[in-house]
Each structure stands twice: as structure tokens, then as C-alpha cells.
Amino acid sequence: MARKRVALIAFVFALATAVLVLRVTMMGFFGGSGGLTPAGDALLPDRGMIVDRNGVPLARDFKSYALWFNPKAMEGGDPLTRSPREVAKKLVAIFPDMDEADLEKRLASGKGQYLRRRILPEEANRVFEIGEPALSPPAEPSRYYPEGNLAAHVLGYVGADGKGRVGMEDVFNTSLTDPSTRGTEQVLAIDSRVQAALEDELLRGMGLAQAKGAGGIVLDVDTGEVIALASLPSFNPNHIDEKGMELMFNRVTNQVFELGSTFKPLTVAAALDAGTITNVGRTYPAGKPLRVGRFSISDSHIVGQNINVPEILMHSSNIGTAQIADEIGSKRMKAKMELLGFNERPYIELPARGFPIWHSGEWPRLTTMTVGFGHGLSVTPLHLASAYAAMVNGGVWRPATLKKLAPNEVPEGRRVFKEATSARMRQMLRLIVTDGTGRKADAPGFRLGGKTGSAEKPGKNGYQRTKLITNFAAAFPMDNPRYVIVTMFDEPQGTAATSYQRTAAWNAAAAVGRIVPRIGPMLGVYPDESREIDLTDLRPLIDKGGNH
């Protein structure tokens, strides 16, 4: 009988072991159930982490304390052992920024409520020392942004209800809170080092030009990944108040502008593609304003009686660009703008995306000509960045993304420009920086090319001559473009720091000239003054006779 019992017990253990092994084997082949045990779930954060492309935490959860008034803590008696005035006075000794009279009123009300949403552990200990059971500092999950204001318009924030708001906190809300996915980090394309440099130089530029706002973006030309995106003034997602709410509007993805002369290279590229320009050395009359019906198109100064295509871009001639757009024609010009996505909201994951001010139907001749030099069509700076990426990367447009992409995740995109057109535009954009309006952006060794743009802001009674939007769209290095960078300033002023000039050459271009040397090495692009894009066939076309 004893041997039978031992054999039975051994059989039960063997059977249990076999079932366990079979279960482990099935999980290995087919995966788990996807669910988590209560113990496993407790080990996960309440909300998943967001990191930059290098794994640097940008948003994470941690347990924080709150100051809660619980009037029912003392059952059957008064909620406080001292008077509300005495307790309020002791609390103000811990939190000097709190209003003592307001605290006394709230404590006397007898209503359960938060007295302060976030307090430090050492502050919680001091509250315990007051000795009032009704003052309880419970530990609560809280969202923390280790870098403060950095990339605030990209990240957004988490509301009191635990839901993401505004930025990628909103976009990722489901995966960040789902128990089956919240243990996996959400990886952004943002590089926090580049983001910090961009914000720093934009803030500096705002101060130098006394601008009311600024924005900027750094975009990978081959993948569409957004390496940095900044809108200033910014807000701190750790402390959302009424002022912070007012600053959440994103100038880069949500605000549409007439972006002025930065459109001119796109017009020239469209003409090269259409075959209306076969020789960039051909000239256009530019010695006097161009009459179109009862309207007149003019330049800020006379560039020359007859100027060729590189000179039109170098000296930013409205007259010359309008004639180029006129030759392209309304149908082809509009079709090219559509291929660049200028008739749709910008492609990016953020919820706030501005819709362009776009002429539907057939474009009148004047509209085509003014769009050619950046007026009569309003888009976001992000639209412009994606368009420039297509213009310099060989001609392929790809949607912008804030998610880090693996090589096999890069979209195929759509062809917008011919490869030969892209190669020619890289030359002319470089020439604008070496010899034209973009000279202040020239960062030695980085072979940067780009175009300035300054446009008057529209108002109730037409354009406001005293209020400008300035921007600079650029790419580097031009012999093998890797990144596009766009900067913009809202209502810059002429100051001593900008030689009393307020156009893009003196603020937006100058900012790029400071940013690129800072971010280039971070992105693996190092200065090399021994290299340069080949401009030998364009150099002879530039008028050296002093007629400009």
C-alpha cells in the first residue's frame, strides 16, 4: 500500500511537470495570451514612456504626492484638531506661494478637495508633522517631462483625466495606457540634442530681432523623419496653467503663412520640369515693374535690365519669377503645388495641422504669377520643409513623421521633380548662399544652400507693411543633402543687432548660420572646407559688372 501511494504521488508530480513543460513550450511557439497577471501589471508604469531617437526619456511616469483635504478623516468629530486659521498658517510655512486667507476659507468649508496637486516627498513629510489626520498627502501617478520645455509642442501634455493632449501624448494615448503595450517605449524621430540647439538659437534670434514668435524644423530629406521641431514661445508641460494653454499653438504645423520668396526656387524647379526653361542662362526683362492688367509687380530694387535664372534667385526678383510662373501656366503650376501637398493639411502625426489657404478651381493668370513668388498661397513651415526635401533629394516627396523609422519603414514617396532638376536646384540654392541674399547663413565647410523669404502679414485693409513673416529654407550639405532646415520669425524688428534690418537675410538666415555648425556634428555631418558643390557652369552667368 505504501509503495502504491508513493507511485501515485510520483505520477501526480510527473503529470503536473508535463503540463507545465507543455504550457511553456506552447507559449514559446505561439506567444503568451497577451494579458498580464495582476502582479505583472503592477510593475508597469501607469503610462508608457516616450523617448527620443537615442533613447533619452522625454516623458515618463513617477509617483508624486498631492495635498488632499479629507474632512471625513476624523469620524464623528471636527475635521481639524486646530482652527482653520492655525492650520492654514502652518501650511503657508511649508508652501510660501499659497494664499493663507484662501486656504483658511477652503479648510473651513468642510469640503474634500485638493489643496495642491504636486508636492515633494520632503514637503509631504512636513505636512505629516503638522499632525492633522485630515491633511493627507496621497501618492499619485504623475507625468513628468525631464527636459522641461524641450519639444513641448511635439510632446503635448497629460490632462487631469489621465488622457494625452495636443501632441504625441494624444497620438500615442491608447498604446501608452494599454496594459499590453504600455511597457514598450514609444520612440520619436526627435534628437533631443538637435532640438535643444534649435530652440536655443531660435530664442536667441527672437531676442536679437525682438520678434513676437519663432519656429523651426529639421527634417531628414531621405526619410521624412522630423529630427527637431520648435515653436516659440513655448510652455512647460510639467506645469500647465492658463498662460501655458495660450502658448500651445504650433507655428510650424498649424499656422499658415504666405512664405514669400522661399517659393521662388520651387517655381524655377517647376519650370525646369515643364521644359519652359531649358537654359538657365536665358534672361528676363527686369528693369521696370511688370504690369498685369491693373496690377503691378515690382522688386525692392532694380536688379538689372535683363537677368538670368540664377540671378533671379540670387537677388530674389519678383518680376523675373512672375514671368517664369506665367510661362509654366496655371494648370501645370497648380498641379505641381498639389504634388507638393500644398492643397492639403501637412502630413504629420500631430493633431493640430493647419489647412492651406488655397485657390480652388482654375487659377487666374495673376494668381499663378503671385504664387510663383510666394504670395496668394498660405501654407505651414512644415509644408515648405517637405517641399524643399523633395527638391534637393533627387525629386521624391515623402510625408513628414515624428516616429523613428527603421530602414524598411521608409515610405517610397512620390516623384515630384526630375533628378536632373533636383541636381540643378542644389547648385542654385548653394549659389544663393555664397553670392546672394542668403550669405549670412553660410556656415563654413557645411556647403549649405537655401533661400530667404520675407512676406507682409495680411490684415483687414490689405497687407501690413510694418509686420513681416520672415523665413529661410535650406538644406545641407549640398553635394549630398542630408537635412532640410527651415526657420521663421513672426514680426521681427530692425534692431542694432540686425543692423536695423528686419528681412529674412538678417534674422532667419542668420539663425540657420548659427544652428547648422551646432547640429551638423551631432548628425554626423562634419565641416570640410576642402569640398564644394560644382558651380563651374553657373559662375560665368553671374553678372560681375556691378549692375545689381
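All values below come from the heavy atoms of this structure, side chains included, with hydrogens, waters and symmetry mates left out.
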Going by salt bridge (charged side-chain N to carboxylate O under 4.0 Å, His left out), name the pairs with one or both residues in residues 486-513, residues two or more places apart or in two chains.
K212-E491, R251-D490, K457-D490, K457-E491

For A508, is there any backbone N or O sitting under 3.5 Å from a side-chain donor or acceptor partner on T487?
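A pair under 3.5 Å: yes.
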
I'd like to know whether D220 forms a salt bridge (charged side-chain N to carboxylate O under 4.0 Å, His left out) with R482, so could you lay out the CA-CA distance, the side-chain angles of the two residues, the decisive distance to 0.1 Å, and finally the verdict.
CA-CA 6 Å; D220 187 310; R482 295 271 307 279; 5.8 Å; no

Determine whether the side chains of S316 and T437 contain a donor N or O and an acceptor N or O closer than 3.5 Å.
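Judged by distance alone, the side chains do not pair up.
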
Under 3.5 Å, is there a donor-acceptor pair linking the side chains of T253 and T380?
no

Could you work out, with ring pair (Phe, Tyr, Trp, His ring centres under 6.0 Å) as the rule, every residue matching F489, not counting sequence neighbours?
none

If we only count heavy atoms from C-beta on, is the D273 to K336 side-chain gap below 4.5 Å?
yes

E199-Q195 side chain donor-acceptor pair, cut-off 3.5 Å
yes

Using modelled atom types only, decide if a donor and an acceptor are shared between the side chain of T321 and the backbone of S317 within a distance under 3.5 Å.
yes

Going by the rule salt bridge (Lys or Arg N to Asp or Glu O under 4.0 Å), which residues pair with R193 if we only count those two or more places apart in sequence or in a different chain?
D191

Short question: side chain of E225, backbone of L405 - any donor-acceptor pair under 3.5 Å?
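The answer is yes, because a donor-acceptor pair under 3.5 Å joins these two groups.
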
Please determine whether salt bridge (charged side-chain N to carboxylate O under 4.0 Å, His left out) holds for the pair E311 and R282, giving the CA-CA distance in whole Å, both sets of side-chain angles, and the decisive distance to 0.1 Å.
CA-CA 11 Å; E311 291 172 330; R282 68 168 290 191; over 6 Å; no

Side chains of N308 and T283: is there a donor and an acceptor less than 3.5 Å apart?
no

Keeping D52 on the side-chain end and V56 on the backbone end, is there a donor-acceptor pair under 3.5 Å?
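Yes; judged by distance alone, with no hydrogens or angles, the pair exists.
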
Between D326 and R365, is the closest basic N to carboxylate O distance under 4.0 Å?
yes

Show the numbers, then the answer: is there a side chain to side chain donor-acceptor pair (under 3.5 Å) between K264 and N318?
CA-CA 8 Å; K264 290 171 182 172; N318 295 339; 2.7 Å; yes

Report yes if the side chains of R353 and I348 come closer than 4.5 Å at any heavy-atom pair, otherwise no.
yes

Check whether Q493 reaches the backbone of A211 with its side chain - one donor and one acceptor, N or O, closer than 3.5 Å.
no

Pairs under 3.5 angstrom only: tabulate donor-acceptor contacts from the side chains of residues 510-522 to other protein residues two or more places apart or in another chain.
residue	atom	partner	partner atom	Å
R514	NE	E201	OE1	2.8
R518	NH1	D200	OD2	2.6
R518	NH1	E201	OE2	3.0

Whether the side chain of S231 engages the backbone of N250 through a donor-acceptor N/O pair (distance < 3.5 Å, no angle test) should be reported.
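No; zero donor-acceptor contacts below 3.5 Å.
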
May I ask you to say whether E532 pairs ionically with R430, meaning some side-chain N is under 4.0 Å from a carboxylate O?
yes

May I ask you to check whether E349 and T401 show a side-chain donor-acceptor distance below 3.5 Å?
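A pair is found: one side chain offers a donor N or O, the other an acceptor, under 3.5 Å apart.
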
Would you say the side-chain atoms of N393 pair up with the backbone N or O of V396, donor to acceptor, closer than 3.5 Å?
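Judged by distance alone, yes, a pair lies under 3.5 Å.
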
Please walk me through it: do F342 and F263 pass ring pair (Phe, Tyr, Trp, His ring centres under 6.0 Å)?
CA-CA 11 Å; F342 287 172; F263 263 49; 5.3 Å; yes

Residues forming a salt bridge (Lys or Arg N to Asp or Glu O under 4.0 Å) with E419, sequence neighbours excluded:
R415

Among T262, N507, L259, T452, which one satisfies side chain to side chain contact (heavy atoms under 4.5 Å, CB included) with T470?
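For T470, the side chain to side chain contact (heavy atoms under 4.5 Å, CB included) check succeeds only for N507.
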
Report the residues that fulfil salt bridge (Lys or Arg N to Asp or Glu O under 4.0 Å) with D537, sequence neighbours left out, ordered by chain and then residue number.
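With neighbours one apart ignored, the set is R424.
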
Return the orientation label for the F235 and H153 ring planes: parallel under 30°, perpendicular over 60°, tilted otherwise.
perpendicular

Spell out, as yes or no, whether a donor-acceptor pair under 3.5 Å connects the side chain of S386 to the backbone of H383.
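No; judged by distance alone, with no hydrogens or angles, the pair does not exist.
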
